[in-house]
Visitor: 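Below is one structure. I have some questions about it.
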Amino acid sequence: MDVNGCGGKGSWIKPPYKKFFEASCNKHDLGYNRGGNQADRFECDAKFLVMMLKDTYKLNGWLRRVYYQHWAFTYYLAVRIFGKKYFNYK
């Protein structure tokens with residue numbers, strides 16, 4: 001099982017709030033390791049967004065939820081833009 005939490009493996013970029021989204025990031029890593037085609041990557045990234053949004057629903061206070069939802073969408077956009085080199089294309 002090759003997971004590294006949030007952020008690209010070996011990347012110098014350390015995303016904020018990575019501990020909060022760590023379980024979702026690890027599941028996303030498993031999907032990237034499994035790999036597939038472009039449609040599989042899109043599906044994996046979409047599931048990642050849904051998992052992170054579910055993480056935010058556990059928080060108390062709407063302002064705090066909205067704040068972390070902003071970060072969930074930011075993480076999602078980051079994997080859509082920069083994640084291609086980490087996906088196991090078959």
Side-chain angles (χ1 to χ4, degrees):
M1 182 161 80
D2 192 21
V3 298
N4 69 309
C6 302
K9 185 174 184 176
S11 174
W12 56 271
I13 298 173
K14 303 299 177 206
Y17 308 110
K18 60 189 237 169
K19 203 67 166 159
F20 180 77
F21 292 118
E22 187 171 28
S24 294
C25 289
N26 284 336
K27 289 177 185 173
H28 183 252
D29 287 350
L30 292 174
Y32 266 44
N33 290 337
R34 187 176 332 105
N37 60 26
Q38 191 65 17
D40 295 321
R41 178 174 170 240
F42 180 80
E43 182 181 353
C44 182
D45 292 344
K47 287 179 180 178
F48 180 46
L49 176 59
V50 169
M51 285 186 293
M52 290 187 296
L53 291 175
K54 284 182 180 179
D55 290 338
T56 68
Y57 299 146
K58 300 171 189 169
L59 296 169
N60 292 325
W62 69 270
L63 189 58
R64 192 166 181 222
R65 273 192 300 274
V66 169
Y67 178 78
Y68 277 90
Q69 286 168 355
H70 163 266
W71 283 107
F73 281 104
T74 302
Y75 274 41
Y76 171 76
L77 289 174
V79 297
R80 289 306 304 152
I81 295 168
F82 303 111
K84 185 175 185 174
K85 72 178 188 176
Y86 300 102
F87 189 79
N88 181 19
Y89 284 101
K90 296 180 178 178

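One-based numbering along the sequence shown.
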Visitor: Any chance NZ of Lys14 has more than 12 other-residue heavy atoms, nucleotides or ligands included, within less than 6.0 Å?
Guide: yes
Visitor: Kindly indicate whether the side chain of Trp71, heavy atoms from C-beta on, has any atom under 4.5 Å from the side chain of Met52.
Guide: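 Heavy-atom side-chain distance check fails, nothing below 4.5 Å.
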Visitor: CG of Leu30 to SG of Cys25: how many Å apart, nearest 0.5 Å?
Guide: 11.5 Å
Visitor: With hydrophobic residues grouped by side-chain heavy-atom distances under 4.5 Å, do Tyr57 and Leu49 end up in a single group?
Guide: yes
Visitor: Decide side-chain contact (heavy atoms from CB on, under 4.5 Å) for Arg41 and Lys84; before the verdict, give the C-alpha distance in whole Å, the side-chain angles of both, and the deciding distance to 0.1 Å.
Guide: CA-CA 8 Å; Arg41 178 174 170 240; Lys84 185 175 185 174; 4.0 Å; yes
Visitor: I'd like to know if Lys9 and Asp2 make a salt bridge, using a cut-off of under 4.0 Å between side-chain N and carboxylate O.
Guide: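 Yes, this pair counts.
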Visitor: Are Phe87 and Gln38 packed together at the side-chain level, in the sense that at least one heavy-atom pair is separated by less than 4.5 angstrom?
Guide: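 Not in contact.
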Visitor: Ring centres under 6.0 Å, that's the criterion: do Tyr17 and Tyr67 meet it?
Guide: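 Centroid distance Tyr17-Tyr67: below 6.0 Å, so yes.
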Visitor: Please work out which of the three classes, parallel, tilted or perpendicular, describes the rings of Tyr68 and Phe20, given edges at 30° and 60°.
Guide: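 Ring orientation of Phe20 relative to Tyr68: tilted.
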Visitor: Is there a donor-acceptor pair closer than 3.5 Å between any side-chain N or O of Asn26 and the backbone N or O of Val3?
Guide: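 Flag not set: sc Asn26 to bb Val3 has no pair under 3.5 Å.
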Visitor: Would you mind checking if Lys18 and Glu22 are paired as a salt bridge, meaning a charged N to carboxylate O distance below 4.0 Å?
Guide: no
Visitor: Going by heavy atoms in the side chains, are Val79 and His28 under 4.5 Å from each other?
Guide: yes
Visitor: Looking at OG1 of Thr56 and CZ of Arg65, how far apart are the two atoms once the value is rounded to the nearest 0.5 Å?
Guide: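 Going from OG1 on Thr56 over to CZ on Arg65, the span is 7.5 Å.
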Visitor: Does CZ belonging to Phe42 count more than 12 external heavy atoms closer than 6.0 Å?
Guide: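 No, CZ of Phe42 has 12 or fewer neighbouring heavy atoms, counting only those of other groups under 6.0 Å.
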Visitor: Heavy-atom distance under 4.5 Å between the side chains of Asp45 and Glu43, does that happen here?
Guide: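 Sidechains of Glu43 and Asp45: no contact.
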Visitor: Tyr75 versus His70: any side-chain heavy-atom pair under 4.5 Å?
Guide: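 The answer is no; the side chains never approach within 4.5 Å.
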Visitor: What's the spacing between Met51 CE and Leu53 CG if we round to 0.5 Å?
Guide: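 Atom-to-atom, Met51:CE and Leu53:CG are 10.5 Å apart.
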Visitor: Are Phe48 and Tyr76 an aromatic pair by the rule of ring centers under 6.0 Å?
Guide: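 Phe48 vs Tyr76: aromatic centres not under 6.0 Å.
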Visitor: With the side chain counted from C-beta on, respond yes when Ser11 and Tyr86 share a heavy-atom pair under 4.5 Å apart, and no when they do not.
Guide: yes
Visitor: Between Asn4 and Gly7, is there a donor-acceptor pair closer than 3.5 Å when you use the side chain of the first and the backbone of the second?
Guide: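 Side chain of Asn4 to backbone of Gly7: a pair is present.
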Visitor: Between Lys90 and Arg34 (side chain of the first, backbone of the second, donor and acceptor by atom type, cut-off under 3.5 Å), is there such a pair?
Guide: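 Side chain of Lys90 to backbone of Arg34: a pair is present.
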Visitor: Nearest 0.5 Å, please: how far is CG in Leu77 from CZ in Phe82?
Guide: 10.0 Å
Visitor: Taking atom OG of Ser24 and atom NZ of Lys47, what is their separation to the nearest 0.5 Å?
Guide: 13.0 Å
